[in-house]
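Protein chains get the first letters and strands the later ones, always in sequence-line order, with residue 1 at the start of each.
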Protein chains: 2
Amino acid sequence: MVRFSKKIEYSLIALRYISNAKDEIITAKEISGKYNIPYELLAKILQKLKKENILVSNQGVNGGYKLSKPLNEISLSELIDKIEGKSGIVECLHTDNLTECFIYDSCSIKDPINKMQLELENLLKNKMVSDFI
Amino acid sequence: MVRFSKKIEYSLIALRYISNAKDEIITAKEISGKYNIPYELLAKILQKLKKENILVSNQGVNGGYKLSKPLNEISLSELIDKIEGKSGIVECLHTDNLTECFIYDSCSIKDPINKMQLELENLLKNKMVSDFI
DNA sequence: TTAAAACTGGACTAATATAGTCGTATTTAA
DNA sequence: TTAAATACGACTATATTAGTCCAGTTTTAA
């Protein structure tokens with residue numbers, strides 16, 4: 001119920017590795033091999049991180065990835081939202097789905113759940129990816 | 001990635017409802033009807049809550065459920081553990097699976113993830129079910 | 001100029017977890 | 001003894017997550 005997906009796990013491992021390499025360019029293959037992470041999956045994740053401007057990439061031979069900014073500027077909250085898409089702790093707080101909720105009007109726990117959500121978000125916002133290194 | 005399951009949602013709704021009814025005995029059917037929650041599913045959840053000593057039940061005609069203790073004595077953390085079983089925010093923190101993790105020894109993010117987990121647990125421990133009423 | 005090493009991207013499949021259903025038994029009050 | 005309730009296990013369906021496959025494109029270096 002409160003569990004990081006593999007994507008987040010792999011992201012953290014990759015980001016840490018790339019960060020430690022300083023300005024060296026790192027390939028998906030290298031990380032995949034080092035940590036036994038399925039190559040295709042990791043590649044996808046790194047591509048996503050690039051698209052989200054957390055990494056920059058070079059294509060072609062000798063290509064690879066490096067950080068676009070230091071990891072203490074990226075919160076866990078931001079990483080999760082960018083990798084998995086923003087979402088609420090219950091379906092109905094994921095705004096799109098409001099209309100689909102049978103209970104909504106009579107829902108008794110909406111407000112406190114909302115507060116809970118904010119507290120969780122806060123915790124994740126104050127955790128920087130650099131804290132995981 | 002941080003989302004309450006329907007089971008937790010339904011639990012909260014049911015517990016709130018039962019709590020508001022004071023000492024009256026409440027049936028699964030009543031709650032199910034009121035909130036459009038699938039009867040069989042809700043029944044299972046209430047049975048589980050009973051087995052975990054959060055509710056007490058009477059069988060037979062005029063049977064139903066009531067609280068075994070006030071909701072400010074039950075933390076969200078406890079409710080989640082009892083409904084879904086205890087689990088870590090990543091697989092490897094769910095102790096049984098340690099042996100299956102390919103990365104484990106070389107895992108760079110284990111320790112900070114562990115700390116993160118403790119902080120999350122803490123947040124959930126300090127939230128009482130009564131806060132959701 | 002071409003081959004190899006890398007990223008890019010989409011569609012697909014597999015595995016797992018969550019949500020929901022069904023059938024049957026048991027209990028109990030009226 | 002019947003109807004209304006909980007109890008329980010097995011099953012199915014759906015959604016999410018994890019992982020695979022394949023066919024590109026880009027770039028460097030030989």
**OP:** Let me see the working for B:E119 and A:K127 under salt bridge (charged side-chain N to carboxylate O under 4.0 Å, His left out), right down to the final yes or no.
**Re:** CA-CA 11 Å; B:E119 289 182 40; A:K127 254 321 177 222; 2.8 Å; yes

Subject >> Evaluation steps, side-chain contact (heavy atoms from CB on, under 4.5 Å), between B:Y65 and B:V56 >> reply: CA-CA 6 Å; B:Y65 298 92; B:V56 291; over 6 Å; no

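A:N72 has its side chain out of reach of A:V129: every pair of non-hydrogen atoms, C-beta onward, lies at least 4.5 Å apart. In this structure, B:F132 and B:L79 have side chains that are not in contact, with every pair of non-hydrogen atoms separated by 4.5 Å or more.
Where A:K6 and B:L46 meet DNA chain D, the nucleotide closest to each residue was compared, and B:L46 sits on the side nearer the 5' end.
In this model, the phosphate group of D:dA7 is approached by a side-chain N or O of B:S57 to a distance below 4.0 Å at OP1 or OP2. Residue B:Y65 has a polar side-chain atom (N or O) positioned under 4.0 Å from OP1 or OP2 of D:dA7. One finds a side-chain N or O of B:Y39 lying less than 4.0 angstrom from the OP1 or OP2 phosphate oxygen of D:dT6. Residue B:Y10 has a polar side-chain atom (N or O) positioned under 4.0 Å from OP1 or OP2 of C:dG20.
Distance CD1 (B:I83) to P (C:dA17): 18 Å, rounded to an integer number of Å. The distance between atom CZ of A:F4 and atom C1' of D:dT16, rounded to the nearest whole Å, is 18 Å. In this structure, CD of B:E84 is placed 15 Å from C1' of C:dT16, rounded to the nearest angstrom. Straight-line distance from the NZ atom of B:K66 to the C1' atom of D:dT6: 16 Å, rounded to whole Å. A:I45 places its CD1 atom 10 Å from the C1' atom of D:dG19, with the value rounded to the nearest Å. One atom, CG of A:L49, and another, C1' of C:dC7, lie 14 Å apart when rounded to the nearest Å. For B:K7 and C:dG20, the NZ to P distance is 11 Å, given to the nearest whole Å. The interatomic distance linking A:R3 (CZ) with C:dA17 (P) rounds to 8 Å, in whole Å.
The side-chain hydrogen bond (donor to acceptor under 3.5 Å, both in side chains) check on A:D81 picks up A:K86, with sequence neighbours excluded. Residues that satisfy the side-chain hydrogen bond (donor to acceptor under 3.5 Å, both in side chains) test with B:Q47, not counting sequence neighbours, are absent from this structure. Applying the side-chain hydrogen bond (donor to acceptor under 3.5 Å, both in side chains) criterion to A:Y17, with sequence neighbours excluded, gives A:E30.
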N/O to N/O distances under 3.5 Å, protein versus nucleotides 9-14 of chain C:
unit_1 : atom_1 : unit_2 : atom_2 : d
C:dG10 : O6     : A:K44  : NZ     : 2.4

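Taking every heavy atom of residues 18-34 of chain A and every atom of DNA chain C, pairs under 4.0 Å involve A:T27, A:A28, by number.
Under the 4.5 Å side-chain heavy-atom criterion for grouping Ile, Leu, Val, Met, Phe, Trp and Tyr, B:I83 is not connected to B:M128 through any hydrophobic cluster.
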Subject >> Sequence-aligned protein contact record of nucleotides 24-30 of chain D, with B where the base is within under 4.0 Å of a protein heavy atom and S where only the sugar-phosphate is >> reply: -BBBBS-

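Side-chain atoms of A:S5 and A:E84 include a donor-acceptor pair closer than 3.5 Å.
Residues B:E78 and B:K82 are paired through a salt bridge, judged by an N-O separation under 4.0 Å between the basic side chain and the carboxylate. Between B:E52 and B:K48 there is a salt bridge, since at least one side-chain N of the basic residue sits less than 4.0 Å from a carboxylate O of the acidic one.
Around the NZ atom of B:K29, the shell of radius 6.0 Å holds no more than 12 heavy atoms that belong to other residues, nucleotides or ligands.
Side-chain proximity of A:L41 to the nucleotides C:dT8, D:dG19, C:dA19 is greatest for D:dG19.
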